[in-house]
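Predicted, not measured: the structure shown is a model, and the values here were computed from it. Counting begins at 1 with the first residue of the sequence.
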Amino acid sequence: MTMLARATIGLWLWAFAFMILYALHGIGCALRWDVVPLLGGTVFRWTMVVTWLCFALGGGAVILWAKRAPEGLERQLAITSSIVGLVGILVVGSPTALTSACL
């Protein structure tokens, strides 16, 4: 069970980040967070960027956790999955976090 968790945790984190970012995007647009000012930006922008960065930091932490896996296939799978998950979070989350598309 531990091997399965280590081998897939990066992708699970990416999927959860994807779901949360797009849900927050929809909620923020529906509640008009893009017009509420906050610290030189908007509530929408701060919410999206901070959430995205938190997930990216979580992805980095998962990579460090994966490096502690036992040598061999389990470790290779864990590290690869974690890196793929982090890259997915950065690439897929960046348009949502860094652009405003409330139409």
Notebook entry, point to check: Would I27 end up clustered with W46 when hydrophobic side chains under 4.5 Å apart are linked, directly or stepwise?
Noted result: yes
Next item on the list: Taking the side chain as every heavy atom from C-beta outward, state whether L86 and V62 have any atom pair closer than 4.5 Å.
Entry: no
Check: Is there a chain of hydrophobic side chains (I, L, V, M, F, W, Y, each step under 4.5 Å between heavy atoms) that links V84 to L90?
Finding: no
Item checked: Cluster overlap L57 with L64, hydrophobic side-chain contacts below 4.5 Å -> no
Checklist line | Name of the residue among W12, F18, F16 meeting ring pair (Phe, Tyr, Trp, His ring centres under 6.0 Å) with W14 | finding: F18
Check: Just wondering, more than 12 heavy atoms not from W65 lying within 6.0 Å of its CH2?
Finding: yes
Notebook entry, point to check: Rounded to the nearest 0.5 Å, what separation is found between the OG1 atom of T42 and the CE atom of M48?
Noted result: 10.5 Å
Check: Side-chain contact, heavy-atom cut-off 4.5 Å: F44 with L31?
Finding: no
Next item on the list: For residues T47 and W33, report the shortest heavy-atom separation together with the two atoms involved.
Entry: CG2-CZ3, 3.9 Å
Notebook entry, point to check: At what distance, to the nearest 0.5 angstrom, does CD1 of I63 lie from CD1 of I79?
Noted result: 9.0 Å
Next item on the list: For R75 and A66, indicate whether the former's side chain and the latter's backbone hold a donor-acceptor pair under 3.5 Å.
Entry: no
Check: Looking only at heavy atoms, which two atoms of F55 and L13 are closest? And how far apart?
Finding: CD2-CD1, 3.9 Å
Check: Between S82 (side chain) and G10 (backbone), is there a donor-acceptor pair under 3.5 Å?
Finding: no
Check: Can you tell me how far CD1 of I20 sits from NE2 of H25, rounded to the nearest 0.5 angstrom?
Finding: 14.5 Å
Notebook entry, point to check: Among the clusters formed by ILVMFWY side chains lying less than 4.5 Å apart, do W52 and L11 turn up in the same one?
Noted result: no
Check: Tell me, do V50 and C54 make a side-chain contact under 4.5 Å, heavy atoms counted?
Finding: yes
